[in-house]
Amino acid sequence: MPIKELPLIDQAACCGGPLSQTISRPDATTVAASFKALADPARIQLLHLVASATSQEACVCDLTDSLGLSQGTVSHHLKVLTDAGLLQRERRGTWAWYTLDPARVDELKAHLTIG
């Protein structure tokens, strides 16, 4: 069976050329790490609990009962969210208190905006 040759395609007619705006690889890596931190239902719940708290802060002691998870598991998830820059942590005596980092959340929202 003979091989059929395909007609040449004019790339300029087909493509608009290289895209002008892109995110740098280091920035994309940082954003991906933040989204990876959100890829767990418990972490989504934790962010929601902290953001919706009356004072917009929550103590780890308040979060364990709300999720039905052990203190160690909740602390692990909070550490992942803190390391990703989504939460800020403040130590007060024995307990750690967490607040949402609104600038970081807004930055992630901007990356979700398409168009």
Side-chain angles (χ1 to χ4, degrees):
M1 184 179 219
I3 297 175
K4 185 176 178 182
E5 286 190 37
L6 297 175
L8 294 175
I9 297 173
D10 180 12
Q11 186 175 3
C14 156
C15 305
L19 300 176
S20 62
Q21 292 185 350
T22 187
I23 184 171
S24 71
R25 178 61 67 158
D27 288 345
T29 300
T30 301
V31 170
S34 294
F35 283 123
K36 185 177 178 181
L38 292 171
D40 185 285
R43 294 182 198 143
I44 298 290
Q45 288 178 298
L46 286 167
L47 274 183
H48 179 74
L49 286 168
V50 172
S52 62
T54 305
S55 59
Q56 295 197 341
E57 65 179 3
C59 175
V60 68
C61 61
D62 297 327
L63 297 169
T64 54
D65 290 340
S66 298
L67 294 180
L69 299 173
S70 71
Q71 188 271 331
T73 300
V74 170
S75 291
H76 165 74
H77 288 306
L78 291 168
K79 180 181 181 341
V80 171
L81 292 169
T82 301
D83 290 348
L86 297 166
L87 291 178
Q88 296 173 343
R89 180 179 183 262
E90 180 185 342
R91 192 124 185 113
R92 296 182 197 162
T94 306
W95 298 105
W97 289 78
Y98 293 87
T99 55
L100 201 62
D101 184 335
R104 186 74 181 123
V105 172
D106 287 345
E107 182 182 328
L108 291 180
K109 284 180 190 176
H111 287 292
L112 289 174
T113 303
I114 299 173

Please report the closest heavy-atom contact between Leu49 and Ser66, naming both atoms and the distance.
-> CD1-CB, 3.7 Å

Compare every heavy atom of Leu100 with every heavy atom of Ala51, then report the nearest pair and how far apart it is.
-> CB-CD2, 3.7 Å

Go through Thr30 and Arg104 one step at a time and tell me if the side chain to side chain contact (heavy atoms under 4.5 Å, CB included) criterion holds.
-> CA-CA 11 Å; Thr30 301; Arg104 186 74 181 123; 3.5 Å; yes

Can you tell me how far CD of Gln88 sits from CH2 of Trp97, rounded to the nearest 0.5 angstrom?
-> 15.5 Å

Are the side chains of Leu46 and Leu87 in touch, meaning some heavy atoms are under 4.5 Å apart?
-> no

Nearest heavy-atom neighbours spanning Ala42 and Leu69 | CB-CD1, 4.0 Å

Might you point out which heavy atoms bring Ala33 and Ala84 nearest each other, and give the distance in Å?
-> O-CB, 4.4 Å

Report yes if the side chains of Asp27 and His111 come closer than 4.5 Å at any heavy-atom pair, otherwise no.
-> no

Considering all heavy atoms, the nearest Trp95-Val60 contact | CE3-CG1, 3.5 Å

If you measure from NE2 on His76 to CG on Leu81, what distance do you get to the nearest 0.5 Å?
-> 9.5 Å

Mind checking the CG-CD spacing from Asp62 to Glu57? Nearest 0.5 Å is all I need.
-> 10.0 Å

Atom CZ of Arg25: over 12 foreign heavy atoms under 6.0 Å = no

Transitive ILVMFWY side-chain link Ile44 to Val80, under 4.5 Å | no

Check each of Leu63, Leu47, Asp83, Thr73 against Leu78 using the side chain to side chain contact (heavy atoms under 4.5 Å, CB included) test, and report the only one that passes.
-> Leu63

Minimal heavy-atom distance between Thr64 and Gln71, with the atoms involved, is CG2-CA, 3.4 Å

Is it the case that more than 12 heavy atoms not belonging to His48 sit under 6.0 Å from its NE2 atom?
-> no

